[in-house]
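Numbering of residues begins at 1 and proceeds along the displayed sequence. Values below: all heavy atoms of this structure, side chains included; hydrogens, waters and symmetry mates excluded.
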Amino acid sequence: MQSSASHAHTSATDSSHGHAHHEPGFFGKYIFSTDHKVIGIQYGVSSLLFLMFGFLLMLVMRFQLANPGKAIPVVGALLEKVLGEDMAKGGIMGGDLYNSFGAMHGTIMVFLAIVPVLFGAFGNYVTPLQIGAPDMAFPRLNMASFHCYFLGGVVMFASFFTPGGAARSGWTSYSPLASVTDLANRFDGQTYWLMGMVLLITSSLLGSVNFIATIIQLRCRGMSWMRMPFFVWAQFVTGFLLLLAFPPLEAAGLMQLMDNLFGSSFFLPQGLVVNGTALPVSGGGSPLLWQHLFWFLGHPEVYVLILPAIGIVAEVISNNIRKPLWGYKSMVYAAMSIGFLSFIVWAHHMYLTGMGTKVATFFQTTTMMISIPSVIILTALFISLWGGSIRFNSASLFALSFLPMFGIGGLTGLPLGFNASDIFLHDSYYVIGHFHYVVAPGTMFAVFAGIYYWFPKITGRHMNELLGKIHWAGSLFFMNCVFAPMFIQGFKGMSRRMSDGGTTYFGPDAGIGADPGVLGLNKMIFMCAIGLGIAQIPFIINFFSSIFAGKRTTSDNPWQATTLEWATPTPPPHGNFLQEPVAYRGPYEYSVPGAKTDFTPQGDKN
């Protein structure tokens with residue numbers, strides 16, 4: 001395998017450097033580029049824009065929860081004008097609009113923001129560099145993957161302007177609800193959602209095949225499996241997760257599309273009555289089948305988010321503690337174990353569907369099992385810190401903060417893995433708090449760490465450290481203030497589906513055990529969400545100002561790192577390397593006794 005990888009690399013390098021190539025025009029360079037670095041930047045810019053859009057949807061929802069029945073300032077009148085009185089009469093968010101924003105917030109953040117920035121942006125840009133490859137194995141497939149992703153995002157965004165607005169059946173789009181929300185208009189936001197998902201899943205499938213082939217075939221000479229950086233291992237396992245978990249949901253999306261448009265009944269049962277009228281469908285379908293197909297993707301999807309994030313954190317931490325990763329091989333085997341186990345835990349999302357105790361026991365057991373490799377990786381990263389000479393820069397602060405945030409997200413998930421406790425916590429704000437601790441202060445901190453870390457290699461300029469540390473401090477404080485109170489709300493029984501913020505059940509006129517503290521937390525969370533948005537302003541200023549006016553790097557390896565991406569010119573040219581790279585040692589040779597410096601690059605023969 002190593003010889004074939006080396007041969008493939010040599011052939012690709014010869015084709016990259018052995019022939020002169022003309023300079024492409026604007027469209028050829030930035031729109032239809034097949035260069036993995038340009039495609040990585042395309043993914044990065046697009047996903048960060050969708051991330052901002054998803055965050056704005058959340059802010060509007062949090063205002064509604066904190067101030068039910070009040071007009072939304074600034075954008076309320078615009079929402080009424082664009083979406084109609086049925087959705088936002090008088091600038092007040094109605095229940096349907098709340099459901100729509102909730103469904104699209106989840107969809108955009110997971111499928112259009114976090115996964116693309118971790119797998120599409122960082123994966124595309126960094127993976128070929130770290131294995132010494134001149135490009136991805138299938139460059140045109142890579143371009144097609146991004147175009148499918150971008151078209152999927154456009155379709156999702158366009159759904160907001162369809163009659164009835166965007167999909168409003170939750171980001172999970174459970175049947176039969178997703179098939180009956182707008183019976184008068186079949187080509188509604190839900191149809192757009194399904195078409196967008198088909199495009200996004202196709203994009204992920206094309207990308208996953210490309211990553212797997214690239215990592216297997218295009219590793220440079222000397223880059224054996226156990227010399228690959230942990231980031232590459234994380235992308236490799238993630239590629240298999242996407243390849244195996246996404247097809248069932250794509251098939252399910254097409255089947256639900258058939259149910260909605262052509263009268264089939266894959267997920268529609270017999271005798272379905274809506275608003276007192278029996279639906280004219282043949283019936284015989286199973287709503288639970290959709291849940292199985294969705295969550296068979298849904299739980300591997302969690303690790304599609306987490307594994308690349310951990311890969312970034314591992315690179316940043318090892319570089320900034322000037323030590324090798326403790327337990328590197330254990331981390332690799334743990335990542336592979338997570339990849340396998342993630343396919344046999346999906347039904348812990350479905351305890352309330354009436355499954356038998358034996359089936360529930362099986363999924364409880366596998367859920368507890370998958371926590372073990374996760375703890376191994378987290379423990380290895382914590383132990384790595386011991387005795388290190390830690391550099392506290394913006395990248396390392398975000399990476400270090402990831403560890404306890406991900407720990408909180410994982411620990412709070414354990415009660416949801418037992419059906420006895422999940423019965424009480426299911427669909428409550430406890431679930432929202434748990435999942436967001438994994439995705440928001442978890443994966444997003446890894447994203448920021450990666451941006452600060454690789455920005456000098458991508459642009460040839462440093463980001464401002466003072467602005468970076470202000471960004472870190474504000475994000476860490478406000479993220480915890482936003483999500484920690486949700487655990488309290490969940491314990492008190494607040495449902496995640498209440499568009500009025502719980503006033504119906506907890507308000508002074510409810511008469512069923514009023515708890516004004518729960519409603520007060522909604523106001524606190526909203527104010528902290530605004531603070532979280534303000535905390536991103538230093539990052540935005542830092543990002544764009546540094547592109548044009550940041551301090552120029554004085555070296556191709558400003559962080560004194562060991563992996564191969566720092567052996568390329570800055571920024572890396574077409575073909576990446578000026579000469580064929582060779583990996584002579586492992587990826588984390590820091591502070592080697594007897595060495596002249598505290599880092600020994602992989603490509604350094606001496």
Side-chain angles (χ1 to χ4, degrees), residues 58 61-62 65 98-99 102-103 105-106 109-110 169-172 174 177 288 291-292 294-295 298-299 301-303 305-306 342 344-357 359-371 374-375 404-442 479-506 510 512-515 517-522 524-525:
M58 181 273 292
M61 292 168 63
R62 292 309 320 182
L65 294 172
Y98 178 86
N99 288 336
H105 166 76
M109 287 304 208
V110 173
S169 301
W171 78 283
T172 57
Y174 279 0
L177 177 63
L288 284 184
Q291 291 195 35
H292 281 293
F294 182 89
W295 288 117
H299 208 81
E301 180 74 6
V302 173
Y303 295 99
L305 303 173
I306 282 298
S342 67
I344 53 174
V345 298
W346 80 89
H348 67 216
H349 296 272
M350 300 171 57
Y351 287 139
L352 267 66
T353 59
M355 68 173 64
T357 54
V359 176
T361 300
F362 171 81
F363 284 103
Q364 286 178 111
T365 304
T366 56
T367 301
M368 296 305 110
M369 287 172 62
I370 202 171
S371 67
S374 302
V375 170
M405 297 298 98
F406 175 58
I408 292 172
L411 287 172
T412 53
L414 294 178
L416 301 174
F418 293 103
N419 62 350
S421 51
D422 183 65
I423 288 173
F424 300 98
L425 296 173
H426 188 83
D427 264 351
S428 74
Y429 257 78
Y430 182 93
V431 180
I432 301 290
H434 152 68
F435 181 70
H436 281 78
Y437 257 100
V438 174
V439 175
M479 277 214 187
N480 282 282
C481 290
V482 167
F483 299 117
M486 293 181 182
F487 295 124
I488 300 173
Q489 291 180 313
F491 281 132
K492 288 181 176 290
M494 181 174 168
S495 170
R496 65 193 296 185
R497 308 293 183 190
M498 292 192 240
S499 63
D500 62 359
T503 304
T504 304
Y505 297 94
F506 298 108
I512 52 172
D515 189 344
V518 173
L519 303 181
L521 288 176
N522 282 333
M524 171 193 158
I525 292 171

Side chain to side chain, [X] and [Y], heavy atoms closer than 4.5 Å:
X      : Y      : value
Thr357 : Asn419 : no
Met524 : Pro485 : yes
Asp422 : Phe418 : no
Leu416 : Tyr351 : no

Which heavy atom of [X] sits nearest to which heavy atom of [Y], and what is that distance?
X      : Y      : answer
Ser169 : Ala103 : N-CB, 4.3 Å
Met58  : His105 : CB-CE1, 3.6 Å
Thr367 : Gly417 : CG2-CA, 3.9 Å
Ser342 : Val345 : O-CG2, 3.7 Å
Met350 : Thr353 : O-OG1, 2.6 Å

For this session: For Ile306 and Phe406, run side-chain contact (heavy atoms from CB on, under 4.5 Å): C-alpha distance rounded to whole Å, both residues' side-chain angles, the deciding distance at 0.1 Å, then the answer.
Result: CA-CA 9 Å; Ile306 282 298; Phe406 175 58; 3.6 Å; yes

For this session: Report the C-alpha separation of Ser371 and Leu414 in whole Å, then their side-chain angles, then the decisive distance to 0.1 Å, and conclude whether the side-chain contact (heavy atoms from CB on, under 4.5 Å) test is met.
Result: CA-CA 8 Å; Ser371 67; Leu414 294 178; 4.3 Å; yes

Within the side chain of [X], is there an N or O that forms a donor-acceptor pair under 3.5 Å with the backbone of [Y]?
X      : Y      : answer
Thr366 : Ile344 : yes
Ser374 : Ile370 : yes
Asn522 : Gly501 : yes
Ser428 : Ser495 : no

Rounded to the nearest 0.5 Å, what separates atom [atom1] in [X] from atom [atom2] in [Y]?
X      : Y      : atom1 : atom2 : answer
Leu305 : Met109 : CG    : CE    : 12.0 Å
Tyr429 : Met494 : OH    : CE    : 4.5 Å
Phe363 : Met369 : CZ    : CE    : 12.5 Å

Exercise. Between Asp500 and Tyr98, does a side-chain contact (heavy atoms from CB on, under 4.5 Å) hold up when you go through it step by step?
Worked result: CA-CA 9 Å; Asp500 62 359; Tyr98 178 86; over 6 Å; no

Taking only distance into account, with no hydrogens and no angle test, what donor-acceptor pairs under 3.5 Å do side-chain atoms of residues 430-440 form with protein atoms, sequence neighbours excluded?
residue	atom	partner	partner atom	Å
Tyr430	OH	Thr412	O	2.7
His434	ND1	Gly409	O	2.7
His434	ND1	Thr412	OG1	3.4
His434	ND1	Gly413	N	3.3
His436	ND1	Ile432	O	2.8
Tyr437	OH	Asn480	OD1	2.8

For this session: In sequence, state the C-alpha distance, the side-chain angles, and the governing distance for Gln364 and His348, and then conclude on side-chain contact (heavy atoms from CB on, under 4.5 Å).
Result: CA-CA 7 Å; Gln364 286 178 111; His348 67 216; over 6 Å; no

For this session: For the pair Asn99 and Arg497, evaluate side-chain hydrogen bond (donor to acceptor under 3.5 Å, both in side chains) and give the outcome as yes or no after the intermediate values.
Result: CA-CA 8 Å; Asn99 288 336; Arg497 308 293 183 190; over 6 Å; no

Exercise. Any side-chain donor-acceptor pair under 3.5 Å between His292 and Trp346?
Worked result: yes

For this session: Only counting residues at least two apart or in another chain, list the ones meeting side chain to side chain donor-acceptor pair (under 3.5 Å) with Glu301.
Result: none

Exercise. Taking only residues two or more places apart in sequence or in another chain, which ones pass side chain to side chain donor-acceptor pair (under 3.5 Å) with Trp295?
Worked result: Tyr174

